[in-house]
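Some notes on the structure that comes next.
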2 protein chains.
Amino acid sequence: MRKFNMSYVRRVGALEDSFLGSGLPYGTARILYEIGLAAQPISSAADPATTVQEIRTRLGGLDSGYVSRMLRTLESKGYVATERDPADGRRRLVRLTEDGFKQWDDLERRSEEHARLLLDPLTPRQRDRLNEALATADLLVRAATITLERVDPSDPMAQEAMGRYFAEIGDRFGFTVGDEGFGDDPTLRPPNGAFFIAASDGAPVASGAVREFDGTAEIKRMWVDPAWRGAGLGARLLRHLEAEALRLGHRVVRLDTRDVLSEAIGMYERAGYQRIDRYNDNPHATHFFRKELAQA
Amino acid sequence: MRKFNMSYVRRVGALEDSFLGSGLPYGTARILYEIGLAAQPISSAADPATTVQEIRTRLGGLDSGYVSRMLRTLESKGYVATERDPADGRRRLVRLTEDGFKQWDDLERRSEEHARLLLDPLTPRQRDRLNEALATADLLVRAATITLERVDPSDPMAQEAMGRYFAEIGDRFGFTVGDEGFGDDPTLRPPNGAFFIAASDGAPVASGAVREFDGTAEIKRMWVDPAWRGAGLGARLLRHLEAEALRLGHRVVRLDTRDVLSEAIGMYERAGYQRIDRYNDNPHATHFFRKELAQA
DNA sequence: TCATATATCTGACTTTAGTCAGGTAACTGC
DNA sequence: GCAGTTACCTGACTAAAGTCAGATATATGA
């Protein structure tokens with residue numbers, strides 16, 4: 001890995017330096033790029049404007065003054081426009097101007113061109129192999145750098161995760177859950193419960209919670225972003241939740257799920273969960289599991 | 001690829017920032033590392049000392065003043081020692097001191113540790129997949145960034161390549177070639193010939209030449225570093241040599257090789273070469289080939 | 001032997017990248 | 001409605017990274 005870093009950065013990293021070539025220093029170009037990305041209709045939420053904060057967290061917690069200054073630069077060059085967020089006057093909405101989009105496309109084009117040039121000497125087969133290798137490496141590195149954090153269930157990230165969780169359940173099972181129905185379950189908070197979020201680049205990609213139920217621990221709200229399934233994230237989260245259950249003083253964990261979620265059921269079984277009889281009155285659940293935790 | 005760069009650098013690139021953690025700024029640490037690398041008995045030529053120039057080219061053509069200053073810093077910290085090169089008084093030999101080696105090992109250790117930490121959340125199987133993917137990507141990127149250049153046969157790189165070529169032939173076929181026997185073949189020079197070197201990180205990894213022989217073009221000195229075989233480098237070099245033959249006004253290329261070199265023979269056949277009768281009196285050759293070049 | 005080229009060094013300079021310590025206006029919870 | 005937070009901004013600062021224009025000593029070719 002280290003070897004790869006050295007050699008890759010020396011070759012291709014220098015390439016990304018041409019990230020500039022646009023007359024913009026690297027940091028500034030990065031911000032421009034990030035603003036443009038947010039406007040791209042890739043994710044479901046394709047709002048052409050972002051907040052300053054969003055940019056900061058997506059770029060890994062840059063200093064607010066630093067970002068502010070760079071935004072000022074971009075603004076003075078006419079690449080971005082800012083305005084007060086009507087929803088919260090402290091925030092500023094940032095969006096690319098027409099010129100900014102031109103710059104953004106330019107960055108893309110230049111970068112594309114550079115990649116093409118680099119790959120030119122390779123045969124098509126080699127190129128395919130390289131792309132595949134990079135895609136694999138990317139997924140795994142992303143998976144490895146996911147952070148697991150306990151948050152309050154009312155935290156915006158938690159809300160987003162639960163929103164998607166319920167939306168998906170609704171989609172798959174043909175019912176809708178009231179928008180506000182999951183907002184504030186106090187059992188998922190300390191001292192007797194906990195809610196965890198797995199985040200990548202500041203966006204939630206998985207969630208899960210433990211709470212007390214009927215004298216044992218119960219796992220709730222297990223959800224993994226569809227794009228991230230199969231990366232071992234669920235199992236990792238599960239281990240984390242079990243450790244938390246142990247910490248909360250429980251020796252037994254139970255959970256319910258639904259027959260249609262066969263991947264989840266497989267995961268629970270692989271993790272040592274045993275099928276048991278119905279232990280609650282959840283109308284959506286069809287399968288019930290239980291596991292005895294080993295002492296740490 | 002661009003996607004990978006963005007995401008990888010954001011995660012792991014920041015990792016390599018800890019390349020410092022040693023109190024040395026990144027640039028300086030890079031130089032220390034490079035000097036240490038040169039001393040490592042990885043390559044056949046494991047001279048504990050390098051020249052300033054070597055460092056500069058290996059790091060991609062840094063400014064000489066910049067490097068000089070960093071060397072001064074390293075020297076003042078007691079990590080490197082320099083001396084006049086007895087072979088050429090303009091040059092300076094640079095080597096790590098004992099303390100310098102300690103620092104170098106520290107960098108290695110720290111970097112290793114960091115990689116371990118990063119990979120920790122992955123399952124062993126995932127880790128293996130990642131390593132494999134990175135190794136593949138590394139090889140291909142290296143292959144893609146090789147430079148093909150015409151040099152004079154007396155150029156040190158050319159000399160090194162031919163030296164290894166003859167050494168290998170000698171090894172494999174049980175005879176030795178006089179050290180000075182290949183030094184100066186004027187037929188491999190313009191106007192009627194050309195010698196090409198494929199280099200990676202300033203080290204020759206493949207060589208090949210065209211010359212005129214008996215009214216047609218002849219390819220000579222085809223050699224690919226054993227570590228690089230199978231990466232399509234030979235075929236690429238061959239295409240290049242054919243283009244050069246064409247440029248020199250030839251329509252036909254011939255070459256000889258030896259039965260034991262089955263990979264080479266396969267490559268020539270795949271490239272459209274046809275077996276012909278002996279056309280010269282090279283005692284080491286057993287196979288003879290010919291190809292008619294298409295107009296560009 | 002002399003003109004020219006090469007390898008390195010020194011000094012003066014610029015641009016990036018980033019940190020830190022406040023400041024201001026807007027929101028939030030009690 | 002007010003204390004405390006939050007989101008963003010400004011100014012002052014630093015260190016790193018790199019560029020450029022000579023200077024110096026050594027080698028090389030005619």
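Quick note on labels: first sequence line is chain A, next is B, and so on, each numbered from 1.
Straight-line distance from the CD atom of B:Gln53 to the C1' atom of C:dA5: 13 Å, rounded to whole Å. For B:Arg30 and D:dA16, the CZ to P distance is 14 Å, given to the nearest whole Å. In this structure, B:Asp63 places its CG atom 13 Å from C1' of C:dT14, rounding to the nearest Å. Taking atom CZ of residue A:Arg92 and atom C1' of nucleotide C:dC27, one finds them 16 Å apart after rounding to whole Å. Taking atom CZ of A:Arg56 as the reference point, atom P of D:dC8 lies 7 Å away to the nearest angstrom. Between the CG atom of A:Leu62 and the P atom of D:dC8 there is a distance of 13 Å, rounded to whole Å. Rounding to whole angstrom units, CD of residue B:Glu54 and P of C:dT8 are separated by 10 Å.
Minimum atom distance to the side chain of A:Arg91 is reached by D:dA7, of the listed C:dA7, D:dA7, D:dC9. Taking every side-chain heavy atom of B:Thr51 into account, C:dT8 is the closest of D:dA17, C:dT8, D:dA7.
Each side chain to side chain donor-acceptor pair (under 3.5 Å) pair with one or both residues in residues 77-89 of chain B, not counting sequence neighbours, appears once here: B:Glu75-B:Thr82, B:Tyr79-B:Gln103, B:Thr82-B:Arg92, B:Glu83-B:Arg95, B:Asp85-B:Arg91, B:Asp88-B:Arg90.
A heavy atom closer than 4.0 Å to some atom of DNA chain C occurs in B:Ser68, B:Arg69, B:Arg72, these being the qualifying members of residues 68-89 of chain B.
Considering only heavy atoms from C-beta on, A:Val94 comes within 4.5 Å of A:Val52 through its side chain. Contact annotation: the side chain of A:Glu108 approaches that of A:Tyr33 to within less than 4.5 Å [non-hydrogen atoms, C-beta and beyond]. Using a 4.5 Å heavy-atom cutoff, the side chains of A:Thr28 and A:Leu32 are not in contact.
Each of A:Tyr66 and B:Val52 has a nearest nucleotide on DNA chain C; the 5'-most of these lies closest to B:Val52.
Remark: of the listed residues A:Arg109, A:Arg116, A:Arg110, A:Arg116 is the sole one forming a salt bridge (Lys or Arg N to Asp or Glu O under 4.0 Å) with A:Glu113.
A salt bridge is defined here as a Lys NZ or Arg NE, NH1 or NH2 lying under 4.0 Å from an Asp or Glu carboxylate O, and B:Lys102 with B:Asp105 fails to meet this definition.
A donor and an acceptor atom sit less than 3.5 Å apart, one in the side chain of B:Arg90 and one in the base of C:dT6.
Among the protein residues, B:Gly65 comes within range of the nucleic acid bases, having at least one heavy atom under 4.0 Å from a base atom.
By the 30° and 60° cut-offs, the orientation of the rings of B:His240 relative to B:Phe196 is perpendicular.
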